[in-house]
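To keep things clear, I will list the structure first and then write my remarks on it.
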Amino acid sequence: MKKIVATITMVTMMACNGAEQKSEDDRKTSSQAVYIGKPDIEIKDGQMTPEALWAFGRVGNVAVSPDGKRIAYTITYYSIPENKSNSDIYVMDIDGGNKKQLTQTVAREGSLAWLPSGRAIAFLRDGKLWNIDPENGRETQASDIKELIDGFIYSPAEDKALFIISTKLEKYTGAEIHSDLDKANVYIYDDLMYRHWDSWKDGHYNHIYVGNITSGKVSAVEDIMPGEPYDSPLKPFGGTEEIAWHPDGKTIVYTSKKLTGKDYAFQTNSNLYAYDMESRQTILLTPDMPGYDKCPQFSPDGSKLLWTSMKRAGFEADKERMMIMDWPSGTMKDLSESLDASPSSMKWTADGSSIYLTAPYQEAHQIYRLDMSTGNITRLTDGNHDYQDVQIAGDILIATRTTFVDPAEIYRINPVDGKGENISFINKELMDKLSLPAFEKRFVTTTDDRQMATWVVYPPDFDAAKKYPVLMMCTGGPQGVLGPSFSYRWNYMLMASQGYVVVVPARRGTSGSGQEWCDAISKNHGMQDEQDLLSAIDAIAKEPWADKARLGAMGASYGGYSVFHLAGTHKGRFSAFLAHSGIFNMELMYATTEELFFEEWETGGAPWDKANKVARNSYAHSPHLLVTNWDTPIMIVHGEKDYRVPYSQGMAAYNTAQMLGIESRLLIFPTENHWVLSPQNAIVWQREFFNWFDKHLKKN
């Protein structure tokens, strides 16, 4: 659960260094018939609507030029009528001046990277590598190999490039195994991990290939992992941030989890491997590190290798350490012992004297600097915003920034005083037309006398003399930072604009309040974390503007579990519930999810292990055991391609509500996974969301 819905908006945070989430449109020939650009939308009376939400331009890749003078970036726009998106490339000066759109095609451009020399911007279109001149927009196709490319990194000298290419190695379909039955439609398996996230295992693996660059063109490429049934980068969300060239161009270090079947399903043990270009030999760099090891990068002089590492095996929400290794001796140490948070987006300064990074502080991602000479880590920024993907441009920093009411924009940050300045203004025109909610971070006292960060988002033109219905968000995960990110699914700006006060408690288990707070939820589901949720809603319900007769609770994944659990324990507090991709039956979840290490860690063991007291206690808190207490209207949403929390969980909860005679509504999306990603499906989901809560929480 955690990896995919830690904050519901973790799409922008999953990559160690801000890599863009991959899309099928990035590597398959575009079928778009019309160009999709910035939409023209009418805003009435400043009202935020689902349609307005989908009109925002979304910042994708952001890449600072090697000389630190310019920024290349992509903007994605969506068309609701076409039910598709399109991305184009833009460039601007480091101060935000001289903005220029470089591409305007019906194909999607993505995976931006400046060539090390800075003479061009490389990108992918329809699975092919292209270069574009930032001055005149002249394009050249750099690859004409038959393989479709999913990612790339040029070597420092630009004489080579590595490529991520999906490679077919194994046969799993009936038609492949029984060649005389070419119309058979069946998968055949003999081991676990036969499906992952939203895809069935079909014998394709992410592999790294290397090709020579001659006169700007890629010649034949060679697989550096020949025949290996492993992925690099890791599926489903890994990208080029999991691979690094040594500055001398002679070594590639990459991330891979070289396990299969049941071992893969029950372990988090990814490792770093070094491939020597001359000997073509691969060595394991992290043999005694049983957790996730990812995101390698070399210091500018090549003398050190930096990466993130989790210490505990099987726990995907462990603290990520900043590990450093002397190269090539292999001596290593943890640079982040003093930081009670997981670092991300680590970037070396050009002289190797410092590392800039982002990490959460009180449930908001801020920018930090690590001084290599002293080991001191200093927080540079503060405020109720999230910084992501920090990059260095001379003596300033570049990063994307969001809040609950501000979609991502590109900021320049002064590292001396931490002040940030918006330089992209991608959505200024639309934002100026909208009446914006206000939000704040409060601290609520919990039942065990702890201070819990709690976000509160108020409707536009909030009047404390009036009464408002309140929606409480039960966050997913159960771990993950509950930062002020701008989500295109669970959008609190949109909710508040419909007249709701939205309450978002950072209950036990969130990762932005220290590792001890994060660890507290494992093997304790539905216990203190639920008391934290109730502490938050009870505190808000005491406000004179809160209508305690019109409270609703909502959540996805583990948040859906929380909703199902609250439905049996809330004692009349809530008037309506909504659960998206929620866990209803924990025993069934253990037996049907794909990454079994997650359930093994979180519950403490298998449901059939009756001698395991920890596991028995976990399963005793399964929401399905509380249904005799259900008495409140509930709406249930699930995607049929959700393999993390299979859609049978949502069906079981809905069927139960129906059999109990409880007013209920079911939304099943046959083509969606754990999220709702396509524009028209999302509009349906948002309309149904507000229809449901308006019916039950707003006065007629």
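Note: hydrogens, waters and symmetry copies are ignored here, and every other heavy atom, side chains too, is used. Sequence positions, counted from 1, serve as the residue numbers for this chain.
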Discussion item. With a 4.5 Å cut-off on side-chain heavy atoms, are Val502 and Met554 touching?
Written reply: yes
Worksheet item: Quick one: does Thr510's side chain get under 4.5 Å of Trp517's, heavy atoms only?
Response: yes
Around [X], counting heavy atoms of other residues, nucleotides and ligands shown, do more than 12 lie under 6.0 Å from its [atom1]?
X      : atom1 : answer
Tyr647 : OH    : no
Lys311 : NZ    : no
Asp461 : CG    : no
Asp432 : CG    : yes

State whether the side chain of [X] and the backbone N or O of [Y] hold a donor-acceptor pair below 3.5 Å, judged by distance alone.
X      : Y      : result
Asn612 : Ala606 : no
Asp340 : Gln515 : yes
Asn655 : Ala653 : no
Thr603 : Gly605 : yes
Asn673 : Asp198 : no
Thr403 : Val405 : yes

What is the minimum heavy-atom distance between [X] and [Y], and which atoms define it?
X      : Y      : value
Ile43  : Ala52  : CD1-CB, 3.8 Å
Pro484 : Asp386 : N-OD2, 3.5 Å
Ala620 : Leu625 : O-CD1, 3.6 Å
Ser575 : Leu697 : CB-CD2, 3.6 Å
Ala496 : Pro460 : O-CD, 3.6 Å
Val503 : Thr454 : CG1-CG2, 3.8 Å

Worksheet entry | Arg665 charged N/C atom sitting above Trp692 aromatic ring, 6.0 Å / 45° | no
Item to complete: Kindly indicate whether a cation-pi arrangement holds for Lys257 with Tyr264, taking the cut-offs as under 6.0 Å to the six-membered ring centre and within 45° of the axis.
Response: yes
Verify the distance criterion only: is there a donor paired with an acceptor across the side chains of [X] and [Y] at less than 3.5 Å?
X      : Y      : value
Gln388 : Thr358 : no
Tyr590 : Glu600 : yes
His624 : Thr656 : no
His638 : Gln649 : no
His525 : Glu530 : no
Thr49  : Gln686 : no
Gln479 : Ser511 : no

Partners of [X] by side-chain contact (heavy atoms from CB on, under 4.5 Å), sequence neighbours excluded?
X      : answer
Asn681 : Phe669, Thr671, Glu672, Val676, Ser678
Ser648 : Leu588, Pro646
Lys523 : Trp601, Val614, Ser618

Short N-O contact, [X] and [Y], less than 4.0 angstrom:
X      : Y      : value
Glu594 : Arg644 : yes
Arg573 : Asp538 : yes
Asp448 : Arg508 : yes

Item to complete: State which residue, out of Val645, Ile636, Val627, fulfils the side chain to side chain contact (heavy atoms under 4.5 Å, CB included) condition with Phe584.
Response: Val627
Worksheet item: Out of Lys84, Arg58, Gln680, which one pairs with Tyr78 under the side chain to side chain contact (heavy atoms under 4.5 Å, CB included) rule?
Response: Arg58
Looking at [X] versus [Y], is the centre-to-centre ring distance below 6.0 Å?
X      : Y      : value
Trp685 : Trp490 : yes
Tyr492 : Trp455 : no
Tyr458 : Tyr468 : no

Fill in: Nearest-0.5 Å distance that lies between atom CG in Asp318 and atom CG in Asp519
7.0 Å
Discussion item. Nearest 0.5 Å, please: how far is OH in Tyr292 from CG in Asn269?
Written reply: 10.0 Å
Worksheet entry | Residues that Glu516 engages under salt bridge (charged side-chain N to carboxylate O under 4.0 Å, His left out), provided they are two or more places apart | Arg450
Worksheet item: In chain order, what residues pass the salt bridge (charged side-chain N to carboxylate O under 4.0 Å, His left out) check against Arg616, with sequence neighbours excluded?
Response: none
Item to complete: Show the numbers, then the answer: is there a side chain to side chain contact (heavy atoms under 4.5 Å, CB included) between Tyr488 and Leu53?
Response: CA-CA 7 Å; Tyr488 286 92; Leu53 177 65; 3.8 Å; yes
Discussion item. Using salt bridge (Lys or Arg N to Asp or Glu O under 4.0 Å), reason through Asp191 and Lys201 one step at a time and then give a plain yes or no.
Written reply: CA-CA 11 Å; Asp191 211 337; Lys201 187 173 185 179; over 6 Å; no
Worksheet item: Where do Tyr561 and Met586 land on the side chain to side chain contact (heavy atoms under 4.5 Å, CB included) test, with the steps shown first?
Response: CA-CA 9 Å; Tyr561 164 95; Met586 293 178 66; 3.6 Å; yes
Hey, what's the ring geometry for [X] with [Y], parallel, tilted or perpendicular (30° and 60° as the breaks)?
X      : Y      : result
Phe439 : Phe404 : perpendicular
Trp197 : Phe237 : perpendicular
Phe577 : Phe574 : tilted

Worksheet item: Testing Glu363, Arg507, Gln362 for side chain to side chain donor-acceptor pair (under 3.5 Å) with Ser513, which one passes?
Response: Glu363
Item to complete: State which residues pass ring pair (Phe, Tyr, Trp, His ring centres under 6.0 Å) with Phe56; sequence neighbours excluded, sorted by chain then number.
Response: Phe486
Practice prompt. Could you go through the side chain to side chain contact (heavy atoms under 4.5 Å, CB included) check for His570 and Leu533 one step at a time?
Written response: CA-CA 10 Å; His570 71 112; Leu533 294 173; over 6 Å; no
Worksheet item: What's the verdict on side chain to side chain contact (heavy atoms under 4.5 Å, CB included) for Ile521 and Met527, showing C-alpha distance, side-chain angles and the deciding distance?
Response: CA-CA 8 Å; Ile521 200 169; Met527 290 181 260; over 6 Å; no
Worksheet item: For Glu543, which of Lys548, Lys467, Arg442 qualifies under salt bridge (Lys or Arg N to Asp or Glu O under 4.0 Å)?
Response: Arg442
